[in-house]
Protein chains: 2
Amino acid sequence: MPFRIVTWNVNGIRSCVRKGFLDWLADCGADVVALQEVRCEPADLPPELSSQKRFRHASWVTARSKKGYSGVALLSRKPPLRRVDSLGEESFDREGRFLLAEFEELQVASVYFPKGSGNERDNSRVPYKLAFTEHVFDFLDRVRRREGKPIALLGDVNVAPEPIDLARPKGNEKTSGFLPEERETLARCLGRGWADAYRALEPERVQYTWWSNRFGVREKNIGWRIDHAFVTHDLLPRVRRAFIHDHVRGSDHAPMGIDLDLRETASRPARGPRAPSAAADRPRARGRAGR
Amino acid sequence: MPFRIVTWNVNGIRSCVRKGFLDWLADCGADVVALQEVRCEPADLPPELSSQKRFRHASWVTARSKKGYSGVALLSRKPPLRRVDSLGEESFDREGRFLLAEFEELQVASVYFPKGSGNERDNSRVPYKLAFTEHVFDFLDRVRRREGKPIALLGDVNVAPEPIDLARPKGNEKTSGFLPEERETLARCLGRGWADAYRALEPERVQYTWWSNRFGVREKNIGWRIDHAFVTHDLLPRVRRAFIHDHVRGSDHAPMGIDLDLRETASRPARGPRAPSAAADRPRARGRAGR
DNA sequence: CCTGCAAAG
DNA sequence: CTTTTCAGG
């Protein structure tokens, strides 16, 4: 049995529950579920969700800046050894965008990266988004050096890394989510020892994780791949599958995830940080379509 | 063919249109339709409503104080000779609660009386509501003296006149809508030459025009009769029927109305104000259940 | 509970 | 377009 981690920007957990979130949760086969944009305080969660038994361990992070805004969560079948809900920077922490949980074999982060644009293409929040991105990777790299345990960062990154990752790359070079500076910042951060698990395992596959609510754009599959599973290089050889469940409804995002084979690391926890694999040493070799 | 006037607090005309308002409008058999709480500027009306052909003449009054608040309208099959949308008092006019239209045979007002209570039973707006009530009747009495033409005032009056007019009179003597001062003010105004057409024609009948949205109160018929057709005494003998269509859905209020026989007044417009009829001279005789 | 608004996505 | 919150009813 692989260890499955799934991420989903639910765009309001209460709305998503009304559209069948609990059935999805029961059937998703995950060991850990990362959620973003829950837009709900724990006290206001639907009782059916709070009393749900399959994921006994749930951790919710709420935005302090504004009610009903942002918020992330991690649900797991086994109890986490440790939870971190602060990036050590109030301007980021107040928006409820980050949660890290440590398990036996690895650490899992649920992260909701800022959107960058307000209305249309004013792109006023791009600087904040870039600073957040740098900060998250700095933070996780530090955690990783200190703990020596692999990390999987899953969440809504709000960046399509390459032209293959959105239906209309040409028309969106000035749209936040596909700006050169956003792609460069993300590539630089990933270059410090991370892999985009989906693209590594599916070099040519065209699937999206987000579609605008407006018009009938999802039916025409005019979307973006902006929800990601980024894994530290030591974890990449253990990724057996990476998937986007773009048929799942309930949000303007689709869930995506990875299956990990943790047999060896799980049985040898005392072994310490693994040396980077060959694939991990050459992130450029992880296969990008269009090159 | 009687002349039918119908009133309906639609609680948002756009919402009501989504729930079948146009089918109702086509079938209601009215010559004049008075609406309250349209909560929509004319420019934002659904196109299906704006292009509707049955009621060619429509007049919309919008609240200036707040977008999406209050607002009344009058729709008619024949063009009004004159329209009045000001009570001559800015504190009332700004809330878009009054519209008067003059037709050949009579004048019709669509009026949305203030609610009196904010949340629950703070009753903070009761003084404003009483002042509005006095002002509307003063205004219409003046119009009537000047023009000598009968008036029908239809709308959401937000007062249940007598215990028979609400399901829970005992428990609501401190609730706005059934406060002694509200009932007294209304009775005093009506006493100056007006009749509650529904109660005059249906002395014993128990029907309501409003039910709270909360709980399943409408199914249990725990309601209030607060939408009324008040007619000047010269008009009362011409009222053939008064009805509440409490089966009609689409709002938390039900439509109600009156059928008038205008043959005589219509054929003899030069006759001037009619002398009050016997019934009009004794409003106490109009039959109140529970006395 | 339901409407329409505003901010955000 | 859709989710929240909010005021108002």
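Just so it is clear, the model here is predicted, and its values are computed rather than measured. In what follows, every chain begins at residue 1, and chains take the letters A, B, ... in the order their sequences are listed.
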Would you call [X] and [Y] a salt bridge, using N to O less than 4.0 angstrom?
X: B:Arg188; Y: B:Glu134; value: yes
X: B:Arg183; Y: B:Asp165; value: no
X: B:Lys115; Y: B:Glu182; value: no

Whole angstroms only, please: what is the [atom1]-[atom2] distance between [X] and [N]?
X: B:Lys115; N: C:dC2; atom1: NZ; atom2: P; answer: 16 Å
X: A:Phe113; N: C:dG9; atom1: CZ; atom2: C1'; answer: 17 Å
X: B:Glu37; N: D:dA7; atom1: CD; atom2: P; answer: 18 Å
X: A:Asp227; N: C:dG9; atom1: CG; atom2: P; answer: 15 Å
X: B:Arg125; N: D:dA7; atom1: CZ; atom2: P; answer: 15 Å
X: B:Gln36; N: C:dG4; atom1: CD; atom2: C1'; answer: 18 Å
X: B:His253; N: C:dC1; atom1: NE2; atom2: P; answer: 18 Å
X: B:Arg218; N: C:dC2; atom1: CZ; atom2: P; answer: 12 Å

Polar-atom pairs under 3.5 Å, protein N or O versus N or O of nucleotides 1-4 of chain D: list them with distances, or write none.
unit_1	atom_1	unit_2	atom_2	d
D:dT2	O4'	A:Asn213	ND2	3.2
D:dT3	OP1	A:Ser15	OG	3.2
D:dT3	OP1	A:Lys19	NZ	2.7
D:dT3	O2	A:Arg39	NH2	2.9
D:dT4	OP1	A:Ser15	N	3.0
D:dT4	O4'	A:Arg39	NH2	3.4
D:dT4	O3'	A:Arg14	NH2	3.4

Contact check, side chains of A:Tyr198 and A:Ile244, non-hydrogen atoms, under 4.5 Å: yes
Any side-chain heavy-atom pair of B:Asp156 and B:Asp227 under 4.5 Å: yes
B:Lys66 side-chain N/O to D:dA7 phosphate OP1/OP2 under 4.0 Å: no
Pairs satisfying salt bridge (charged side-chain N to carboxylate O under 4.0 Å, His left out), at least one member in residues 60-75 of chain B, at least two apart: B:Arg64-B:Glu90
